[in-house]
Amino acid sequence: STVILEPWSAKLNWQISSPNALNMYFSRSNRIEDGRNSSSTVSLRTPETLTNLSIPTNFYKIEDNHVFSSTLFGSVFANYQDVTYTSIPRGGLDAQVDYYDFQYHNSWFYYRAKDPQKQVNTQVSKFFNTGNMNHEVKFSFNYRTQIADSATGLPGDQIEGLEYSTYALALISRGVRTTYRTNYITGTLGDTMTVGNLNVNAGIRYDVQHSRNLPGESFGNTVFPDLL
């Protein structure tokens, strides 16, 4: 297979005021692979069953940093990542997958997916002393949500013909689309204590992760709609 990578990015830094700075960042990347195959089926697939893969990705980020005083610093950022994954067989989506002469012919499974992610994060650091002990107390909070939306199936009439030396059969199938969402919430509070050459770190962390299946669908078989 042939792989082409197409990355580029842009960044803008703006010193809004003496204590405040704003950063904006954008990146665009794409991975294009022509004639993709897997090691387990490399000898079983003819050229038209190889797939063309494309993974365009857009990433946006905005961040603000503020120095409130010589002992207090804070930052906040938000980002969004938009990923689309497309794997289409060379034979197209109208041909039917057939197996004969010990190889697959005509076309192959398709796969499409979208994987958008959103994230917000804030951090605050406070510096102070207690006697001869220096403290850096840091608080952080992070929230990220991700949706995985994918669809896959056989092309054509969603029927796969299989012909072996002594018998033949047909696999009747239907495509499926699955969607689920995952949320991540993280909060931390810690203190770095320094006395001379001794450093002690203490803190607590809170993590919550949960996923949920969203409504999906199955694509009915056009030849046998009463069965599938």
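Count residues from 1 along the sequence. The analysis underlying the following values was restricted to heavy atoms, covering all of them including side chains, and did not include hydrogens, waters or symmetry mates.
In this structure, F128 and H135 have parallel ring planes: the angle between them is below the 30° cut-off, well short of the 60° mark.
Taking the six-membered ring for Trp and the full ring otherwise, the centers of Y111 and Y85 sit less than 6.0 Å from each other. Aromatic pair F127/F73: centroids not less than 6.0 angstrom apart. Checked against the 6.0 Å centroid criterion, the rings of Y100 and H105 qualify as a close aromatic pair.
The closest donor-acceptor contact from the side chain of S150 to the backbone of R112 lies at 3.5 Å or more, if one exists at all. In terms of modelled atom types and a separation under 3.5 Å, the side chain of T84 and the main chain of A113 share no donor-acceptor contact. Of the possible polar contacts, none joining the D94 side chain to the G156 backbone as a donor-acceptor pair under 3.5 Å is found. For S69 (side chain) and T71 (main-chain N/O), a donor-acceptor pair under 3.5 Å exists by modelled atom type.
The shortest non-hydrogen separation linking G35 to N52 is N-OD1, 3.3 Å. When all heavy atoms are compared, the tightest approach of Y25 to S9 is OH-CB, 3.6 Å. Here the closest non-hydrogen pair linking T46 and T49 is O-OG1, 2.7 Å. Among all heavy-atom pairs drawn from N221 and R174, the shortest one is N-CB, 4.2 Å. For the residue pair G74 and F68, the shortest heavy atom distance occurs at N-CE1, 4.0 Å. Heavy-atom minimum distance, D149 versus T179: OD1-OG1, 3.2 Å.
At most 12 heavy atoms of other shown residues, nucleotides or ligands fall within 6.0 angstrom of atom NZ in K118.
Note that the CG atom of L5 and the CZ atom of R31 stand 6.0 Å from one another [nearest 0.5 Å]. For the atom pair N121 CG and F77 CZ, the distance stands at 4.0 Å (nearest 0.5 Å). Here the OG1 atom belonging to T188 is positioned 11.0 Å from the CZ atom belonging to F141, to the nearest 0.5 angstrom. To the nearest 0.5 Å, atoms CZ (R212) and OH (Y180) are separated by 15.5 Å.
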Side chain to side chain contact (heavy atoms under 4.5 Å, CB included) for R205 and T186? Distances and angles first, verdict last.
CA-CA 7 Å; R205 181 185 179 96; T186 303; 3.4 Å; yes
Evaluate T145 against Q117 for side chain to side chain contact (heavy atoms under 4.5 Å, CB included), listing each step before the verdict.
CA-CA 6 Å; T145 181; Q117 300 182 43; over 6 Å; no
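Comment: R90 engages D34 in a salt bridge, judged by a side-chain N to carboxylate O separation of less than 4.0 angstrom.
Residue V176 is not grouped with residue L154 when hydrophobic side chains (ILVMFWY) are merged at heavy-atom distances under 4.5 angstrom, including chains of intermediate members.
The residue from N199, N129, N132 that alone fulfils the side-chain hydrogen bond (donor to acceptor under 3.5 Å, both in side chains) condition with T194 is N199.
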